[in-house]
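To start, the structure itself, in structure tokens.
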Amino acid sequence: MENIKAPRGVRDILPDESWKWASIFEVTRKIAEDFGYREVHLPIFEQTELFSRGIGETTDVVEKEMYTFSDRSGRSLTLRPEATASMVRAYLEHGMASGPQPSKLWCTGPMMRYERPQKGRYRQFWQLDFEAIGSSSPLVDVEVIALSLEIFRRLGLANLEVLVNSVGCPACRPLYRTALQDYLRMHFDSLCPTCQGRFDRNPLRILDCKVETCKAITDGAPDVRDHLCEECRDHFDEVLKGLDLLGAKFRIDKRLVRGLDYYTKTAYEVLSGDLGAQNAVCGGGRYDNLAEAIGGPHTPGVGFAAGLDRIVLTMEQQRLGFGTEPSIFVMVVVAEESARDEGLRLLYELRKAGVPADMDTSGKGVKAQMKAAGTAKSNFVCVLGSSEIEKGVVAVKEMATGTQAEVARGRVVADLAARAGSARR
RNA sequence: GUGAGCGUAGCUCAAUUGGUCAGAGCACUGGACUGUGGCUCCAGUGGUUGGGGGUUCAAGUCCCCUCGCUCACCCCA
């Protein structure tokens with residue numbers, strides 16, 4: 001412990017927690033199938049330009065949060081800070097536009113951002129990422145949002161808030177931007193210093209400032225929806241209509257803006273009421289300009305990223321179940337040294353039969369082996385000693401009841417396999 | 001990058017105004033019960049008190065530096 005520790009902001013997911021993650025992946029994988037999304041595995045690092053051009057040169061992510069390095073040939077590479085840009089790159093690189101549209105893809109894995117760690121924020125964090133690329137239909141926006149809500153529904157998450165908004169497109173956003181600036185200019189002196197700094201660079205961000213005085217000012221600010229072009233307005237209406245149709249509970253939040261440049265039209269976010277300041281458990285929206293930004297043909301797309309670390313935090317906070325923690329079903333206990341070979345044989349027969357089984361290898365006494373079986377929460381113990389071997393039986397003890405019975409050696413594996421099978425259902 | 005709080009055994013925490021203060025519980029290992037767990041009792045393993053420097057007769061306890069953790073700002077998943 002003296003010297004080498006995990007770097008700041010990263011952590012180990014140990015066995016007591018990893019099985020919970022596995023159960024979330026299982027649920028997610030099933031939902032992906034149910035919605036027709038196929039899994040892809042993407043590289044964990046990319047050419048730096050993919051992100052600097054895709055996400056936007058002036059965004060916080062690109063300006064100060066990327067892990068960028070040169071490899072041995074001098075190429076500039078970056079550990080991915082998010083998955084969407086990679087997904088679109090893969091879509092373009094493999095000509096997926098020639099397949100059925102939209103291409104519905106998903107992936108999971110770690111993302112890396114150099115940020116100050118705090119509750120729910122790590123330098124390496126896991127996301128579930130779903131993207132539908134190649135369609136501009138608002139029904140796809142609806143599907144993506146519905147899919148994310150279905151994940152949370154099946155996991156049992158409560159106390160969530162769904163915020164939806166439209167951030168317009170290159171045609172109408174600039175007009176709104178100036179309208180907003182015109183309004184804010186009248187109150188410029190009352191804005192907090194941070195917002196005064198944002199005024200020119202990114203006035204939309206002022207809308208979600210947490211300072212009370214800024215909030216009061218932006219309460220009266222012009223609404224994006226009144227400034228959307230006809231196309232964006234129709235699109236937004238269709239999305240809202242679709243969500244209503246599915247009975248989705250959401251709130252239109254005119255303050256919802258996005259930190260990444262590539263977003264157009266639909267923007268949405270799912271907030272957890274059981275996290276700290278970092279309360280977004282999922283964020284997404286439409287990004288019709290991303291493909292062009294990274295050098296491809298105009299290709300519309302929608303998607304979302306959900307934060308696994310935050311989902312787990314919320315689930316633990318809400319004391320939700322994670323399915324079943326895997327455990328050893330049978331412990332083989334060897335009563336005497338002379339029974340060790342037979343014990344080993346039995347152990348591997350059980351394992352081959354698909355019964356989770358284990359055995360002590362350190363030569364401990366029977367009592368200690370029993371205790372280990374208890375700690376491992378094993379359902380059964382098979383005791384083997386010279387007397388059992390002579391009689392051709394195995395003493396099978398059911399740990400929960402404490403009852404023990406002799407079972408013929410020839411039948412014991414099939415018998416336990418049957419019990420393990422029914423126990424798992 | 002900024003601010004605040006905190007760093008004592010694997011875990012959770014004790015240690016009066018600096019003076020046997022390096023401890024307890026849990027966990028782990030062994031024993032009481034020489035072939036049987038979960039209860040009880042006993043014993044044992046385990047810490048250069050995050051690291052470095054300073055003040056002092058004496059520092060876990062005070063001061064400085066450093067590293068780390070936590071929460072918040074910022075930003076987002």
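Letters go in sequence order (proteins before strands), and every chain restarts at 1. Since the structure is predicted, the reported quantities are computational estimates derived from the model, not experimental observations.
Within 4.0 Å (heavy atoms only), A:Gln369 reaches no atom of the nucleic acid at all. Counting non-hydrogen atoms under 4.0 angstrom, A:Val281 reaches the backbone sugars and phosphates but no base. Residue-level contact check: A:Glu388 touches the bases, meaning some heavy atom is under 4.0 Å from a base atom. Across all strands shown, A:Ser386 has heavy atoms under 4.0 Å from base atoms, whether or not it also approaches the sugar-phosphate. Counting any heavy atom pair closer than 4.0 Å across all strands shown, A:Ser387 reaches a base atom. The residue A:Asp208 sits apart from the nucleic acid: no heavy atom pair falls under 4.0 Å. Note on A:Ala305: only backbone sugar-phosphate atoms sit closer than 4.0 angstrom, heavy atoms only; bases stay farther off.
By the ring pair (Phe, Tyr, Trp, His ring centres under 6.0 Å) test, A:Tyr91 pairs with no residue at all, sequence neighbours left out.
Using modelled atom types and a 3.5 Å distance limit, the side chains of A:Asp274 and A:Thr314 yield no donor-acceptor pair. With no hydrogens or angles considered, a side-chain donor-acceptor pair links A:Thr401 and A:Thr403 at under 3.5 Å. Side chains of A:Ser386 and A:Ser338: no donor on one and acceptor on the other come within 3.5 Å. Side chain to side chain, A:Tyr37 and A:Glu131 fail the donor-acceptor criterion of an N or O pair below 3.5 Å.
Comparing the P positions of B:rG53 and B:rG60 gives an interatomic distance of 14 Å, to the nearest angstrom. Taking atom C1' on both B:rA43 and B:rG52, the two are 39 Å apart, rounded to the nearest angstrom. Here the separation of B:rU20 from B:rC42, taken at their P atoms, is 27 Å to the nearest Å. Comparing B:rG5 with B:rG10, their C1' atoms are spaced 25 Å from each other, to the whole Å. With both ends at atom C1', the span from B:rU49 to B:rC6 equals 15 Å, rounded to whole Å. Distance noted for atom P between B:rG23 and B:rA4: 36 Å (whole Å). Distance check on atom P: B:rU12 versus B:rU17 gives 26 Å, rounded to whole Å.
Salt bridge status for A:Asp253 with A:Arg255: absent, with no side-chain N to carboxylate O gap under 4.0 Å. A:Asp219 has no carboxylate O lying under 4.0 Å from a charged side-chain N of A:Lys215, or vice versa, which leaves the two without a salt bridge. At a threshold of 4.0 Å, the pair A:Glu46-A:Arg89 counts as salt-bridged, since one of the basic side-chain nitrogens sits closer than that to a carboxylate oxygen. Between A:Glu26 and A:Arg29, no side-chain nitrogen of the basic residue sits less than 4.0 Å from a carboxylate oxygen of the acidic one, so the salt-bridge criterion is not met. Under the 4.0 Å criterion applied to side-chain N and carboxylate O atoms, A:Asp141 and A:Lys265 are not assigned as salt-bridge partners. A salt bridge between A:Glu49 and A:Arg53 is absent, with no side-chain N of the basic residue lying under 4.0 Å from a carboxylate O of the acidic one.
Between A:Val270 and A:Ser378, the residue whose closest nucleotide on RNA chain B is further toward the 5' end is A:Ser378. Position along RNA chain B of the nearest nucleotide to A:Gln404 versus A:Cys282 favours A:Gln404 as the more 5'-ward residue.
Residues from residues 333-349 of chain A placing a heavy atom under 4.0 Å of any atom in RNA chain B, listed by number, are A:Ala335, A:Glu336.
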Heavy atoms under 4.0 Å is the rule here; annotate nucleotides 65-74 of chain B 5' to 3' with B where the base is hit, S where only the sugar-phosphate is, and - elsewhere.
-> ----S-SBBB
Below 3.5 Å between N/O atoms, which protein atoms pair up with nucleotides 26-33 of chain B? Just atom names and distances, please.
{"unit_1": "B:rU29", "atom_1": "OP1", "unit_2": "A:Lys364", "atom_2": "NZ", "d": "3.4"}

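Annotation: A:Gln404, atom CD; neighbour count of heavy atoms from other residues, nucleotides and ligands within 6.0 Å is above 12.
Residues A:Leu79 and A:Met66 form no side-chain contact, since every pair of their non-hydrogen atoms from C-beta on lies 4.5 Å or further apart.
A:Thr266 contributes no side-chain N or O that, together with a main-chain N or O of A:Ser166, makes up a donor-acceptor pair within less than 3.5 Å.
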So what's the dot-bracket for RNA chain B: Watson-Crick or G-U pairs under 3.5 Å, [ ] if a pair crosses, | if it pairs off-strand?
-> (((((((..((((.....[...)))).(((((.......))))).....(((((..]....))))))))))))....
Scan the side chains in residues 340-348 of chain A for donor-acceptor partners under 3.5 Å anywhere in the protein, sequence neighbours excluded, and list what turns up.
{"unit_1": "A:Glu342", "atom_1": "OE1", "unit_2": "A:Arg345", "atom_2": "NH1", "d": "2.6"}
{"unit_1": "A:Glu342", "atom_1": "OE2", "unit_2": "A:Arg409", "atom_2": "NE", "d": "2.6"}
{"unit_1": "A:Glu342", "atom_1": "OE2", "unit_2": "A:Arg409", "atom_2": "NH2", "d": "3.1"}
{"unit_1": "A:Tyr348", "atom_1": "OH", "unit_2": "A:Arg351", "atom_2": "NH1", "d": "3.2"}

